[in-house]
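Remember, predicted model here, so these are calculated numbers, not experimental data.
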Amino acid sequence: MKWTRLVAALPALGTAGVAAYDLTQKNHSLLRNFPVLGHARYAIELIGPEMRQYIVAGNDEERPFSRDQRAWIYRSAKGVNNYVGFGTDNDLERNEGYPIVKHRTFAQSHAAETDDHAIPCAKVLGGARGRAKAFRPRSVVNVSAMSFGSLSGAAITALNKGVALAGAMHNTGEGGLSTYHRSGGDLILQIGTGYFGCRAEDGHLDLDKLVTVVESAPVRAIEIKLSQGAKPGLGGVLPGAKVTKEIADIRGVPQGETVVSPSRHTAFHDIDSMLDLVETIAERTGLPVGIKSAVGEMGFWQQLTAAMSSVDGPRRGVDFVTIDGGEGGTGAAPVVFSDSVALPWAVGFSRVYALFAEAGLTDDVVFIASGKLGLPITAAQAFAMGADMINVAREAMLSIGCLQTQKCHEDTCPTGVATQNAWLAHGLDPELKKVRLANYLVALRKDLLKISDAVGVAHPGLLTPDDVELLDGMRKGTGLADVFGYQPDWGRLGDELAREITDIMVAGDFENAGTAAGDRETAKKEQPTR
């Protein structure tokens with residue numbers, strides 16, 4: 001009986017203890033003035049994003065991805081019906097900048113389709129510069145740079161196995177090539193300012209280590225990261241507590257010590273030295289080499305295009321350019337960098353593309369677009385503006401279970417995607433989630449082919465700025481060329497490239513078109529669910 005009364009009194013005693021603490025502490029005025037009750041405010045603030053996500057927000061209100069956008073990704077990833085009924089619920093009357101694809105009445109694309117809706121790149125990556133291991137990527141949609149360390153090992157494994165199923169590629173991110181990246185998918189190896197996985201003891205780039213890493217895995221291309229949309233012009237910090245033995249071995253850094261990535265590269269200091277390094281890496285590895293950057297001041301791009309188009313001296317240049325939007329991405333960053341540093345993707349890309357177009361270089365470079373473009377309409381707009389491929393990051397995370405709880409920087413991701421917490425990561429099954437990613441990639445490619453067919457072209461790379469308008473409410477629509485200042489022939493493939501990719505798409509002979517080879521025997525046996 002005494003124990004029963006004691007147990008019954010515990011809640012009251014606990015409340016009294018909290019009240020006594022609140023009344024005596026001085027850090028929080030609210031709690032001092034409203035003991036116990038004040039905690040409700042902090043609890044609501046803590047779960048505010050989740051409450052708005054499920055209870056308050058409308059279908060198109062949330063950012064960075066609305067409920068409708070997430071629903072399309074989730075349903076596509078699960079292989080269930082991703083159609084909608086009863087018409088659009090988007091607010092076309094007041095939606096400025098809303099993209100509209102202009103279908104054609106009689107034109108037909110005649111494009112063949114495979115079971116996985118393969119769309120090979122319209123350009124051969126590294127072909128223009130004669131790289132020894134130039135190839136035509138089999139998928140125009142690939143997984144963007146996300147490092148092991150930022151994402152869990154289970155998430156990286158799911159992504160890598162998923163791209164193998166879908167015939168796509170997986171960018172390693174700057175954190176090095178981990179064991180989780182070696183699960184069957186073709187890779188693009190990213191080199192950041194920390195040179196993780198290929199760094200000397202003094203932190204500088206070690207070319208011999210780079211070559212060894214490349215030869216140890218199915219690396220198809222190398223990307224030198226100059227900056228990223230989440231934190232352009234800002235180096236990263238990996239706290240020593242997170243530098244486990246596994247991460248230390250992968251990145252080539254001391255275990256338990258804080259690792260600071262510089263904001264700039266030490267292997268080069270200007271355009272000339274950067275292009276020298278590009279050519280050296282390409283010669284040592286045989287692989288296509290490109291750069292990734294968010295867009296700020298344009299002097300860098302003016303100097304790059306001038307150097308690549310110069311007739312004096314050796315012809316040096318990058319094989320591909322990945323333009324990241326300043327909208328931010330998976331990397332944790334100060335709010336001001338996520339919100340206000342670097343141009344949004346469409347503005348930044350259009351300015352860079354214009355410089356390459358003026359220099360007559362657009363057919364010689366593969367343009368990769370990155371920055372919230374993993375939805376059919378945003379991807380279609382990117383292709384219409386001149387992109388040759390797109391990389392998806394957050395959309396890929398959503399496909400394998402991310403709930404957009406925006407806890408990536410806190411190591412508390414509830415679905416085990418963006419965390420190093422072993423208990424949380426345990427909840428993510430790579431064997432299940434690899435199929436979810438593959439389904440999503442296939443669904444996106446399928447819709448891109450549908451859009452292309454509606455316009456009457458065989459490939460999304462044949463979409464032009466004339467095929468998409470941006471609405472100003474219900475008053476008028478303005479073509480992409482006028483919005484972004486494109487000249488009449490910009491955003492279009494050259495005649496030879498256009499004929500070549502049209503022939504490939506109509507014939508449907510994608511395997512002999514110069515695909516991302518690799519060993520796909522396992523992938524062929526495990527086709528994604530449709």
* Where do Phe268 and Ile224 land on the side-chain contact (heavy atoms from CB on, under 4.5 Å) test, with the steps shown first? -> CA-CA 11 Å; Phe268 53 87; Ile224 300 173; 4.0 Å; yes
* Asked: In Å and rounded to the nearest 0.5 Å, what is the CE to SG distance from Met169 to Cys121?
  -> 8.0 Å
* For the side chain to side chain donor-acceptor pair (under 3.5 Å) test, which of Thr362, Asp466, Asp363 pairs with Arg492? -> Asp466
* Just wondering, more than 12 heavy atoms not from Lys450 lying within 6.0 Å of its NZ? -> yes
* Asked: Between CD of Gln190 and CZ of Phe196, what distance do you get to the nearest 0.5 Å?
  -> 11.5 Å
* So, the side chain of Asn160 versus the backbone of Ser183: is there a donor-acceptor pair under 3.5 Å, distance only? -> yes
* Say you draw a straight line from CG of Leu361 to CG of Leu355; how long is it, rounded to the nearest 0.5 Å? -> 10.0 Å
* If you round to the nearest 0.5 Å, how far is OG1 of Thr114 from CD1 of Ile119? -> 9.0 Å
* Contact check, side chains of Leu375 and Ile73, non-hydrogen atoms, under 4.5 Å -> yes
* Is Leu437 close to Lys161 at the side-chain level, that is, under 4.5 Å between some pair of heavy atoms? -> no
* Asked: Do side-chain atoms of Arg138 reach the backbone of Phe510 as a donor and acceptor pair under 3.5 angstrom?
  -> no
* To do: Salt-bridge test for Asp249 and Lys245: reply yes if a basic N is under 4.0 Å from a carboxylate O, no otherwise.
  => yes
* To do: Could you tell me whether the side chain of Asn439 and the main chain of Ala77 form a donor-acceptor pair under 3.5 Å?
  => yes
* **Under 3.5 Å: donor-acceptor pair, side chain of His265, backbone of Ala267** => no
* To do: Among Asp319, Asp388, Asp364, find the residue that satisfies the salt bridge (charged side-chain N to carboxylate O under 4.0 Å, His left out) test when tested with Lys123.
  => Asp388
* Asked: Is Arg131 reaching over with its side chain to a backbone N or O of Leu287, donor-acceptor style, under 3.5 angstrom?
  -> no
* To do: Scan Phe320, Trp345, Phe356 and name whichever one has a ring pair (Phe, Tyr, Trp, His ring centres under 6.0 Å) with Phe367.
  => Phe356
* Could you go step by step and tell me if His110 and Thr502 meet the side-chain contact (heavy atoms from CB on, under 4.5 Å) rule? -> CA-CA 9 Å; His110 302 291; Thr502 298; over 6 Å; no
* To do: Can you measure from CD1 (Ile191) to CG (Leu210) and round to the nearest 0.5 angstrom?
  => 4.5 Å
* Please report the shortest heavy-atom distance between Glu223 and Thr322, naming the atom on each side. => OE2-OG1, 2.8 Å
* So, Phe484 versus Tyr353, ring centres under 6.0 angstrom or not? -> no
* Below 4.5 Å, heavy atoms only, C-beta onward: do Val101 and Ile377 meet side chain to side chain? -> yes
* Note, Ile291 side chain near Met274 side chain (heavy atom, < 4.5 Å) -> yes
* Asked: Is there a donor-acceptor pair under 3.5 Å between the side chain of Lys209 and the backbone N or O of Arg199?
  -> yes
* Within the distance-only criterion (no hydrogens, no angle test), does the side chain of Ser310 pair as donor or acceptor with the backbone N or O of Ala306 below 3.5 angstrom? -> no
* **Short side-chain to backbone donor-acceptor contact, Tyr486 and Leu480, under 3.5 Å** => no
* To do: Give a yes or no answer on whether the side chain of Thr193 reaches the backbone of Pro262 with a donor-acceptor pair at less than 3.5 Å.
  => yes
* Is it the case that Ser273 and Asp276 place a side-chain donor and acceptor less than 3.5 Å from each other? -> no
* Looking just at side-chain N and O atoms, do Ser293 and Ser227 make a donor-acceptor pair shorter than 3.5 Å? -> yes
* **His181 and His170 aromatic ring geometry - parallel, tilted or perpendicular at 30°/60° bounds** => tilted
* Asked: Given the rule in the side-chain contact (heavy atoms from CB on, under 4.5 Å) test, do Glu246 and Thr179 qualify, once you have shown the distances and angles that lead to the verdict?
  -> CA-CA 10 Å; Glu246 183 180 31; Thr179 54; 4.2 Å; yes
* pair Ile390-Ser370: side-chain heavy atoms closer than 4.5 Å -> no
* To do: Please examine the side chains of Gln420 and Ile247, heavy atoms only from C-beta on, and report whether any two atoms are closer than 4.5 Å.
  => yes
* Can you tell me if Arg445 uses its side chain to pair, donor with acceptor, with the backbone of Ala166 under 3.5 Å? -> yes
* So with a 6.0 Å cut-off around CD of Glu283, is the heavy-atom count from everything else above 12? -> no
* Any side-chain heavy-atom pair of Met505 and Pro120 under 4.5 Å -> yes
* Asked: Does the side-chain contact (heavy atoms from CB on, under 4.5 Å) test come out yes or no for Leu189 and Leu187, once each step is laid out?
  -> CA-CA 6 Å; Leu189 176 64; Leu187 300 169; 5.9 Å; no
* Given salt bridge (charged side-chain N to carboxylate O under 4.0 Å, His left out), test Lys434 with Glu431 step by step and report yes or no. => CA-CA 6 Å; Lys434 70 179 182 183; Glu431 293 303 310; 2.8 Å; yes
* **Between CE on residue Met308 and CD1 on residue Ile271, distance to nearest 0.5 Å** => 10.5 Å
* Asked: Should Glu500 and Arg136 count as an ion pair when the cut-off is N to O under 4.0 Å?
  -> yes
